[in-house]
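Shown next, in structure tokens, is the structure this report addresses.
Numbers here simply count residues along the sequence, with the first being 1. Keep in mind that what you see is a predicted model, and the values were worked out from it rather than measured.
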Amino acid sequence: MHHSIHDETHLSNRNHWLRAAVLGANDGLISTASLLVGVAAAGPSSQTLMLTGMAALTAGALSMAAGEYISVSSQADTEKADLDKERYELTHNAERELLELTKIYETRGLNHELARQVAVSLTEHSALETHARDEIGLTDLSQAKPIHASVASGLSFVAGAILPIIGIVLLPASTLVWSLAILTIMGLILLGIISARLGGAPVIRATTRIVTWGILAMMATALIGRLFGVAV
């Protein structure tokens, strides 16, 4: 848990859900729009396009949520195993663990006496928490949260995928491929700006990165649709 002597909002507090949310929204928008652009290029009916879009949204959201949960759960299992191992070492090799902690503080700039004093003091306060933070690098902030990541990923996928599906209903059929592409690019720009603002990153760099890869994906699927004239 982060502690501060005054109220201070840190952007890194959002890491456990922001990464999954940005990834989900980006994947939902790009994959669904790219699929619809490719299918639209083959000239199917609007009903086929809508069915394709809804299938992509449903399957993609469930896949993203499940994949994120499994991935982050594996990370959480690894963290738990590390903590169990550290707990055992603290019980059976306390002096060696204290020496190890002392060496860590020495490498960070403290002299031996002060490093030893700090190690002893922190060990008395909370040995496992201290070793988890300073030896393994685990904190409450970085701790894996499978449920948070899964929900953020699934819902954000839906938020991203719904935009091109709405476009099928509202945009003219005669220019659907180009209209969907333009709508998607606008969505990618908005996503880039939002993610940059939430994460404190440079807006132009984040937006350019998202838009570039989105355009490449849509170009590839549109080309396939044109060449083969089938839904892909």
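A donor-acceptor pair under 3.5 Å links the side-chain atoms of Ser73 to the main chain of Tyr69, judged by distance alone.
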**Prompt:** Would Asn26 and Leu188 count as a side chain to side chain contact (heavy atoms under 4.5 Å, CB included) if you check the C-alpha gap in whole Å, the side-chain angles of each, and the deciding distance to 0.1 Å?
**Reply:** CA-CA 7 Å; Asn26 184 67; Leu188 290 171; 3.9 Å; yes
**Prompt:** Given the rule in the side chain to side chain contact (heavy atoms under 4.5 Å, CB included) test, do Phe157 and Ser63 qualify, once you have shown the distances and angles that lead to the verdict?
**Reply:** CA-CA 10 Å; Phe157 187 97; Ser63 177; over 6 Å; no
**Asked** Should Asn111 and Glu106 be marked as a side chain to side chain contact (heavy atoms under 4.5 Å, CB included) after you check the CA-CA gap, both sets of side-chain angles, and the distance that decides it?
**Response** CA-CA 6 Å; Asn111 61 56; Glu106 287 180 0; over 6 Å; no
**Request:** Apply side chain to side chain contact (heavy atoms under 4.5 Å, CB included) to Glu97 and Glu135, showing your working.
**Result:** CA-CA 10 Å; Glu97 289 298 301; Glu135 182 182 346; 3.4 Å; yes
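In this structure the side chain of Val72 never reaches within 4.5 angstrom of the side chain of Ile147, judged on heavy atoms.
Few gaps surround OH on Tyr105; more than 12 heavy atoms of other groups in view lie less than 6.0 Å from it.
In this structure, a donor-acceptor pair under 3.5 Å is absent between the side chains of Ser126 and Thr130. In summary, the side chains of Glu79 and Gln75 do present a donor paired with an acceptor at a separation below 3.5 Å, with no hydrogens or angles considered.
Between Arg116 and Glu100 there is no salt bridge, since no side-chain N of the basic residue sits under 4.0 Å from a carboxylate O of the acidic one.
Arg205 pairs by the side chain to side chain donor-acceptor pair (under 3.5 Å) definition with nothing, not counting sequence neighbours.
None of Asp77, Asp82, Asp84 except one satisfies the salt bridge (Lys or Arg N to Asp or Glu O under 4.0 Å) rule with Lys80; the exception is Asp84.
With rounding to the nearest 0.5 Å, the separation of CZ in Arg209 from CD1 in Ile204 is 12.5 Å.
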